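These notes are about the structure you will find just below.
No hydrogens, no waters, no symmetry mates; every other heavy atom, side chains included, goes into these values. Just so it is clear, the structure is predicted and the values come from calculations on it, not from any experiment. Ligands are counted one by one from 1 in listed order, and the atoms in each one are counted from 1 as well.
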Amino acid sequence: MAEKPSFSDILVQGRNILKQAGIEDWELDAWYLLGHITAMGRAEYFLRELEMVPENIVDEYYKLINIRASHVPLQHITGSQEFMGLNFLVSSDVLVPRQDTETLVEYLLPYVKNKHVLDICTGSGCIAISIMKLGGAALCRASDYSKKALSIAKENAVLNSVDIEFVYSNMFENITGSYDIIVSNPPYIRTEVIGTLMPEVREHEPLMALDGGEDGLGFYKIIGSEARSYLRQDGIIAVETGYDQGRQVMDIFKECGYKNVCVQKDLSGNDRVVAAIMP
Ligand code: GLN
């Protein structure tokens with residue numbers, strides 16, 4: 001390569017390094033990292049792609065590319081992830097907000113206006129914060145059993161200018177009050193499956209947020225039975241599930257005595273949300 005590369009040169013090189021390293025979204029990620037360090041949007045990049053890149057940016061770009069090539073999640077490098085059109089800070093202490101989880105938020109949004117909402121296992125706070133910000137809930141409490149996660153979630157509430165009451169709690173242990181809606185994206189991956197996940201997830205995301213125990217269903221059993229003591233009559237319980245857990249979680253909720261138990265599919269057509277009504 002010429003000794004003074006252009007933006008286009010380093011982008012091509014960045015893509016190649018990521019592709020060689022077996023990074024699934026190599027093209028996109030090479031671009032996101034360039035956008036991240038230059039603060040250039042797509043349009044500005046196309047205007048400037050043949051310009052020479054300042055040397056410090058070349059070095060910094062390859063540094064980030066090499067970190068990504070070692071399977072550190074993109075969002076741990078950029079420090080943020082968009083969810084429901086809002087920006088969230090992320091770190092290795094919280095699950096990176098997923099598009100799948102937008103299915104859960106979108107399902108609940110029509111019901112949350114002026115309601116009292118409880119989010120169990122809030123992690124980055126993405127569910128509670130987007131429900132508050134986009135749905136206009138009257139009150140939202142959000143809990144997690146990780147103090148580090150709660151401190152990220154608090155930062156995210158400030159970043160998105162919403163008032164959420166955060167509670168340090170092992171599931172319902174420190175929860176008080178009654179709610180119109182209880183929502184959760186609990187850990188649901190079966191323990192034996194964790195080792196087969198992508199290295200980005202397996203090695204860099206918090207195990208505590210992923211591991212759902214031997215059958216992956218332990219947290220749904222707790223939520224199903226405990227939520228009954230906190231849900232108002234005709235209140236809604238809604239949880240995210242693994243793509244193959246819809247039927248089993250519906251059965252758990254039916255056994256707990258909820259009515260109108262139903263499953264919602266995500267954008268890929270997989271079961272993703274199970275919801276029910278408090279009788
Ligand atoms: N959907 C996440 C994953 O695929 C898992 C989320 C969870 O366990 N709540 O890794």
Legend entry - Heavy-atom side-chain proximity of Met171 to Tyr145 below 4.5 angstrom: no
Legend entry - Neighbour count >12 (heavy atoms, 6.0 Å) for atom NZ, Lys148: no
Legend entry - Residue Pro186 vicinity, atoms of ligand 1 by number, heavy atom under 4.0 Å: 7 (C), 8 (O), 9 (N)
Legend entry - Side-chain H-bond candidate by donor/acceptor type, Thr103 with Asp100, under 3.5 Å: no
Legend entry - Atoms in ligand 1 with a heavy atom of Ala209 nearer than 4.0 Å: 7 (C), 8 (O), 9 (N)
Legend entry - Atoms of ligand 1, numbered as shown, that sit under 4.0 Å from any heavy atom of Pro187: 8 (O)
Inset, instruction - Please confirm whether Cys121 comes under 4.0 Å of ligand 1, counting heavy atoms of the residue only. - result: no
Inset, instruction - Determine whether the side chain, the backbone, both or neither of Leu95 has a heavy atom under 4.0 Å from any heavy atom of ligand 1. - result: side chain
Legend entry - Any side-chain heavy-atom pair of Met84 and Ile129 under 4.5 Å: no
Legend entry - Min side-chain heavy-atom separation Phe219-Val239 under 4.5 Å: no
Distance-only check: which donor-acceptor pairs under 3.5 Å involve side-chain atoms of residues 266-279, not counting sequence neighbours?
{"residue": "Asp266", "atom": "OD1", "partner": "Ser268", "partner atom": "N", "Å": "2.9"}
{"residue": "Asp266", "atom": "OD1", "partner": "Gly269", "partner atom": "N", "Å": "3.1"}
{"residue": "Asp266", "atom": "OD1", "partner": "Asn270", "partner atom": "N", "Å": "3.0"}
{"residue": "Asp266", "atom": "OD2", "partner": "Arg272", "partner atom": "NE", "Å": "2.9"}
{"residue": "Asp266", "atom": "OD2", "partner": "Arg272", "partner atom": "NH2", "Å": "3.1"}
{"residue": "Asp271", "atom": "OD1", "partner": "Lys265", "partner atom": "NZ", "Å": "2.8"}
{"residue": "Arg272", "atom": "NH1", "partner": "Tyr188", "partner atom": "OH", "Å": "3.2"}
{"residue": "Arg272", "atom": "NH1", "partner": "Thr241", "partner atom": "O", "Å": "3.0"}

Legend entry - salt bridge (Lys or Arg N to Asp or Glu O under 4.0 Å), paired with Arg98, selected from Glu82, Glu205, Glu240: Glu205
Inset, instruction - Just need the protein heavy atom nearest to atom 8 (O) of ligand 1, so name the residue and atom and give the distance. - result: Tyr188 N, 3.1 Å
Legend entry - Closest approach of any protein heavy atom to atom 2 (C) of ligand 1, naming residue and atom: Arg98 NE, 3.6 Å
Legend entry - For ligand 1, the portion of Glu205 having any non-hydrogen atom under 4.0 Å away: neither
Inset, instruction - Enumerate the atoms of ligand 1 whose separation from the nearest heavy atom of Leu210 is less than 4.0 angstrom. - result: 5 (C), 8 (O), 10 (O)
